Amino acid sequence: MSFSELSSQEIQRRETLNKLREMGIEPYPAALYPVTDYTQGIKDNFVESKQVCVAGRMMSQRIMGKASFAEIQDSTGRIQVYFNRDEICPGEDKTLYNEVFKKLLDLGDFIGIKGYLFTTQVGEISIHVQEFTLLSKSLRPLPVPKTDDDGKVHDAFTDPELRYRQRYVDLVVNPQVKEVFVKRTKLFTAMRNFFNEAGYMEVETPILQAIPGGAAARPFITHHNALDIPLYMRIANELYLKRLIVGGFDGVYEFSKNFRNEGMDRTHNPEFTAMEIYVSYKDYNWMMDFTEQLLEHCAIAVNGTSDCTFGENQISFKAPYKRVTMRQSIIDFTGFDIDGKSEEELRAAAKGMGISVDETMGKGKLIDEIFGEKCEGNYIQPTFITDYPKEMSPLCKVHRDNPELTERFELMVCGKEVANAYSELNDPIDQRERFEDQVRLAEKGDDEATGLIDQDFLRALEYGMPPTSGLGIGMDRLIMYLTNNPSIQEVLFFPQMRPEVKMQKIELSDNEKLILSAVEKIQKGLLLDVKETVNLSNKAWDVAVKNMTKAGILKVTKEEDVLYIQIG
RNA sequence: GAUCCGGUAGCUCAGCUGGUAGAGCACCUCACUUUUAAUGAGGUGGUCCUGGGUUCGAAUCCCAGCCGGAUCACCA
């Protein structure tokens, strides 16, 4: 980037930087700064005249002649600091105050403050500055939102594109954004603590997988050079955690960054975080009890209460949650009983409900469509929907009482799935058949089916996996509920964005070349003549000439009301 | 992928039916010793998203494109 591409404010700050260096002040000093206090702690435990040393960004400056106020923002908040010229500069030389503080410090600079605490006449806790140190210069102006007496925010940094692309700026100027991410971390910590106290172990499993299994989704594909094989970014970690249960762990869990090469919208990001936990000798009934305890615990850890607000809805994560079978749910909302119905009867019923169906849909898919259209959206409070049809769940154990169903539940909150759990299928022969069914579906063109069989996973099951229940939770979605954010971009530090395109015109356009060659022939001539020669539209002419005069290639001069054009 | 809305100063935005680009904050200069959206006076700053077209003249109208947001569809 050349100097001329900087805005005037950026140029000023670079000049300021040079002036500081000329004065012998290093704008990026190496030494540590001996911070003793944080702003929040000072406000919580105010002690008059206490000596403190704080550091942070200067976020505002109010200069009133020989005295000034500024605000310092650190990781915990902001505090006001008071500068007095004659105390900063006791001698004749007032440079440190008049030049360095008043002129060479900019909003956004990191400074260190040594001083003592006091309250101003209007009662604001402040630091009386005795010494200040420039810790790091900021070369770009920060947007600085301000709140007026009526609580109205001015100059907010609100453009979502800028906020996501420059999250660092968003975090500096929008404290409520920081709060979301603090809560996100609290959620992860709370969940870890809950699992660890239950005696389960956090593990790591491969992100690069030779066969992307455990879910049905399009993977990202990459290539390993040394082995010369394709590798896939994981779409789920389920099959690896089960291998560990085979290996003899009682309970294993992992916070898994998963990658799916599918559409992006306000609830989907190509990489997202799931938590999966597998516990041996348990079934899905136990897992429901465990899940509701877990979520109550997490909600309280994050928000201090099991209640939370999401949009217009009040949600309570207090256990226990309602449990409804999928069959009962469909009866409740449509009056139709799916039990014992043939594929044709289901298709006719779905059609009758105004759901678009086609001939390729099997029983499971039809039931899923009915549930998705007519039932799912009605569950605002956390509700377990249980006993899904078999075709939809190739990794789940058949229901102990009904061979058409599986021992599966999903937890619905605000009409969306937050968690998914099974009594895990551990019959290796059944598992192999289900995989083979999936391969047949994939060959028929069902792009939701998995086309590759993970033979090693089947080998593991053949050695024997104890009865196990597993649970997966969409962490991004859960934190959206707990922080009342309707879009996933708000709960990810760096949501995926289309790459920034930098438009840089290095070469002359064709029009510009045309004009330039015409002018080169004559060196200097009447502007109107040249314009006529090149025969461009007014606008094209105007744009091209403006560009080139700006770049100093051409020069337009006026002599006695006649315009001339010449080589610059 | 479809539809709608938007892209103007560092930030938030105004700019009617085409006629010399505006405000507040930020920035610069000056004044001011407890202010708090500090205040008062003066000033700098723009590829009006890009490209083409219509026109004497386009931020404004037309076409194409790029980028973003919202809604819907898809993604169990």
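Note that the coordinates shown come from a computational prediction; the quantities given were computed from them, not determined experimentally. Chain letters run A, B, ... following the sequence lines, proteins first and then strands; every chain starts at 1.
- When the side-chain nitrogen and oxygen atoms of Arg165(A) are compared with OP1 and OP2 of C67(B), none of them lie within a distance under 4.0 Å.
- Taking all atoms of both residues into account, the shortest heavy-atom contact from Val413(A) to Tyr481(A) is O-OH, 2.7 Å.
- Comparing Pro160(A) and Leu105(A) along RNA chain B, the residue whose closest nucleotide (by nearest heavy atom) sits nearer the 5' end is Leu105(A).
- Close to C30(B), at under 4.0 Å from its OP1 or OP2, lies a side-chain N or O of Lys103(A).
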Give each protein N/O atom lying under 3.5 Å from an N/O atom of nucleotides 38-45 of chain B, with the pair distance.
residue : atom : partner   : partner atom : Å
A38(B)  : OP1  : Lys146(A) : NZ           : 3.2
A38(B)  : OP2  : Arg62(A)  : NH1          : 3.0
A38(B)  : N6   : Ile63(A)  : O            : 2.6

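- Closest heavy-atom contact between Gly472(A) and Glu276(A): CA-CG, 4.1 Å.
- Rounded to whole Å, the separation between the P atoms of G46(B) and G40(B) comes to 27 Å.
- A donor N or O paired with an acceptor N or O is not found under 3.5 Å between the base of C27(B) and the side-chain atoms of Asp106(A).
- Atom NZ of Lys50(A) is separated from atom CD1 of Ile127(A) by 10.0 Å, given to the nearest 0.5 angstrom.
- Of the two residues contacting RNA chain B, namely Gln80(A) and Gln489(A), the nearest-nucleotide position lying further toward the 5' end is that of Gln80(A).
- Cation-pi check for Lys341(A) over Phe336(A) is met; the charged atom lies under 6.0 angstrom from the ring centroid and within 45 degrees of its normal.
- Sorted by first and then second residue, the salt bridge (Lys or Arg N to Asp or Glu O under 4.0 Å) pairs with a member in residues 56-72 of chain A form an empty list; sequence neighbours excluded.
- Distance from the side chain of Thr120(A) is smallest to U34(B) among G10(B), U34(B), C11(B).
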